[in-house]
Amino acid sequence: MADTINIRAMAANVMAPLLRQHGSLNTHLPSALQHCPPQDRALLQQLCYGSMREFFRLQALAACLLKKPFRSEDMDLQALLLIGLWQLRSSRIPAHAALHETVEATLVLNKPWATKLFNAVLRRYQREHKTLEQQLANDPCFTWNHPQWFISKLSHNWPEHWQDILAANDEQAPLTLRTNTRRQSRQQALERLETAGIEATATPFSEVGLTLAQAMDVEAIPGFSEGDLSVQDEAAQLAATLLATEPEQRVLDACAAPGGKLCHLLEATPRLQDVVAVELEPARAQRITDNLQRLGLELECKVLTADASSSDWWDGQPFDRILIDAPCSGTGVIRRHPDIKWLRQGEDVNALAQVQLNILTNLWQMLSPGGRLVYATCSVFSQENERIIGRFLKQHADARHQPIDADWGEERPFGRQLFPQIGGHDGFYYAVLSKVTDG
């Protein structure tokens, strides 16, 4: 009889809805982790993220190994097979343990008819893995571990960079922190970590960032729980500098969840006159509030649950600075959210581009003459980035593009594009616009 707690079965139940295009790891994994024995939570997370990171290679192998695909009601078994293959192919888990636990998971999933099938399929992969992978060598989805639409679009956008971007997407991202300069300097933070035996280095482009040599539980990092440090990728840390806020200004952060850039600009510029954060989804708006409270900044910002493409929440008072962290495909942060490769579809980019332009157009009326707007996405597709800015500038005579003078990213006709870097920052895009004054 199989143990009722089987971590592979739990992982399969997390991933099965994703295979049906329902939800994401962010929506399904937290609940499973709460019900998972504490000593097994790291394994559960590793199984889910590892399998989704290698998804397209594992899917291709599964198709070779199965005589016929699983039925739609058996997506938990499809997920379990991917998990089993990932363990044998990419993990440090001993093969005999991976095979035994994965086969046992079919019983926990109440599908005992699949036990012999899984035993046979996984043992066949053990015997024939070199031959199977050679057979798939000409399949670009297997070779590059991304969907075909993504490979085609990326290679068209970035003919000189697409292979490096795909390779970086399949690596785990480092743990990067932002120093709260209200409380300590970056050098003081680095010295504190060194004293605690934690190896870290200063980020090359953000003046307040530091990257840990090894990921760890953030609650164990000195100063984290007190608000001295926050988790934030280096690319995202560049927003506050570009916004160039000054005391007594009125600032809007649109699409602000989870609030990292908002907290950074509050840390960087005390005594702002008025700061408003807008977020469409109530649950995500709550995450902004939680982050503000952790850093003791909740009294310095008003959080509104509202639509950034609408103006019914606006009080009519213009803003001196506006940050638009636009909803996007997330294709610059795939290494942090590997399920994006599977969940995102090519046609999504067209729909997102229209949403982005709508938000930018709506918020432009709220910017005061002489004001500054920063447009940002975590996308690597020009359709969501420089092309949005180009379209907007043609439609608004009072908008001026401000070139970004920086040593990070790649200069584009409008804005700068960052690509994901192995061991470094995520993929990101920034553009800066100013509103010309009357006359």
Side-chain angles (χ1 to χ4, degrees), residues 1-133 136 142 145 172 338-339 342:
M1 178 65 68
D3 194 327
T4 54
I5 299 294
N6 182 293
I7 305 304
R8 279 77 178 172
M10 292 186 76
N13 282 325
V14 169
M15 289 173 54
L18 274 66
L19 300 190
R20 301 186 185 100
Q21 295 281 328
H22 294 156
S24 65
L25 285 178
N26 278 352
T27 56
H28 295 299
L29 184 56
S31 175
L33 288 169
Q34 287 181 346
H35 293 90
C36 181
Q39 68 272 17
D40 291 323
R41 286 172 185 165
L43 174 59
L44 175 59
Q45 194 151 336
Q46 184 184 37
L47 292 171
C48 293
Y49 273 86
S51 299
M52 291 309 300
R53 184 167 284 116
E54 292 286 323
F55 182 83
F56 286 90
R57 290 197 180 111
L58 300 175
Q59 280 276 75
L61 288 168
C64 288
L65 289 162
L66 293 172
K67 291 183 179 178
K68 58 181 181 179
F70 289 114
R71 299 171 300 175
S72 59
E73 57 265 38
D74 293 324
M75 283 299 100
D76 52 351
L77 291 180
Q78 178 70 14
L80 182 63
L81 180 55
L82 302 184
I83 291 164
L85 291 170
W86 178 79
Q87 292 172 88
L88 296 175
R89 187 178 188 274
S90 303
S91 81
R92 297 180 180 178
I93 299 169
H96 68 275
L99 199 150
H100 173 74
E101 290 296 321
T102 303
V103 170
E104 287 288 291
T106 61
L107 302 178
V108 179
L109 295 172
N110 294 318
K111 293 179 178 175
W113 58 266
T115 300
K116 289 184 178 179
L117 172 65
F118 267 67
N119 190 55
V121 165
L122 293 176
R123 289 188 184 278
R124 182 187 165 201
Y125 174 76
Q126 280 186 295
R127 294 191 309 270
E128 303 176 19
H129 62 93
K130 290 183 180 179
T131 302
L132 289 167
E133 300 208 4
L136 292 166
F142 179 84
N145 192 37
Q172 283 189 282
D339 47 340
W342 165 247

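What you are looking at is a predicted structure, and each value in this text was computed from that prediction instead of being measured. Just so you know, residue 1 is the first one in the sequence shown, and it goes up from there. For the numbers below, each heavy atom of this structure counts, side chains included, while hydrogens, waters and symmetry mates do not.
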Please lay out, stage by stage, how L77 and L117 fare under the test side-chain contact (heavy atoms from CB on, under 4.5 Å). CA-CA 11 Å; L77 291 180; L117 172 65; over 6 Å; no

One should read off an interatomic distance between L29 CG and S24 OG, to the nearest 0.5 angstrom, of 9.5 Å

What is the minimum heavy-atom distance between R89 and R57, and which atoms define it? NH2-CD, 3.6 Å

Hey, does L99 have a side-chain heavy atom less than 4.5 Å from the side chain of Q126? yes

Identify the two heavy atoms, one from N145 and one from R53, that lie closest to each other, and give their separation to 0.1 Å. ND2-O, 2.6 Å

Correct closest heavy-atom pair for R41 and C36 would be NE-O, 3.1 Å

Within-4.5 Å side-chain heavy-atom neighbours: H35 and L44: no

Can you tell me how far apart CG (L136) and OG1 (T131) are? Round to the nearest 0.5 Å. 11.0 Å

Sequence neighbours excluded, which residues qualify as ring-ring contact (aromatic ring centres under 6.0 Å, His included) partners of F56? none

Using distance alone, with no hydrogens and no angle criterion, decide if T102 and Q87 have a side-chain donor and acceptor under 3.5 Å apart. yes

Minimum side-chain heavy-atom gap L85-L65 below 4.5 Å: yes

Taking the side chain as every heavy atom from C-beta outward, state whether E133 and L61 have any atom pair closer than 4.5 Å. yes

Rounded to the nearest 0.5 Å, what separation is found between the CG atom of D339 and the CG atom of N26? 7.0 Å

Heavy-atom check, side chain of I93 versus side chain of L43, under 4.5 Å: yes

CG of L122 to CG of L80: how many Å apart, nearest 0.5 Å? 8.0 Å

May I ask you to test the D76-K111 pair for a side-chain heavy-atom distance under 4.5 Å? yes

Contact check, side chains of N13 and L109, non-hydrogen atoms, under 4.5 Å: yes

Pair R124, L132 - check side-chain contact (heavy atoms from CB on, under 4.5 Å), show working. CA-CA 10 Å; R124 182 187 165 201; L132 289 167; 4.0 Å; yes

Taking all non-hydrogen atoms of both residues, which atom of M15 and which atom of S51 are closest, and how far apart? CE-CB, 3.8 Å

More than 12 heavy atoms from other groups under 6.0 Å of CZ on R20: yes

Does a sphere of radius 6.0 Å around CD in E128 hold more than 12 heavy atoms from other residues, nucleotides or ligands, not counting ones at 6.0 Å or beyond? yes

Minimum heavy-atom distance L25-P30, with the two atoms named: O-CD, 3.5 Å

When you measure from the side chain of H28 to the backbone N and O of H22, does any donor-acceptor pair fall under 3.5 Å? yes

Using 0.5 Å steps for rounding, measure from the OH atom of Y125 to the NZ atom of K130. 11.0 Å

Show every ring-ring contact (aromatic ring centres under 6.0 Å, His included) that has at least one partner inside residues 57-104, sequence neighbours left out. none

R8 and A105 have their tightest heavy-atom pair at CB-CB, 4.0 Å

Heavy-atom side-chain contact between Q21 and W342 under 4.5 Å: yes

With side-chain contact (heavy atoms from CB on, under 4.5 Å) as the test, would you mind laying out the steps for Q78 and D74 before giving the verdict? CA-CA 7 Å; Q78 178 70 14; D74 293 324; over 6 Å; no

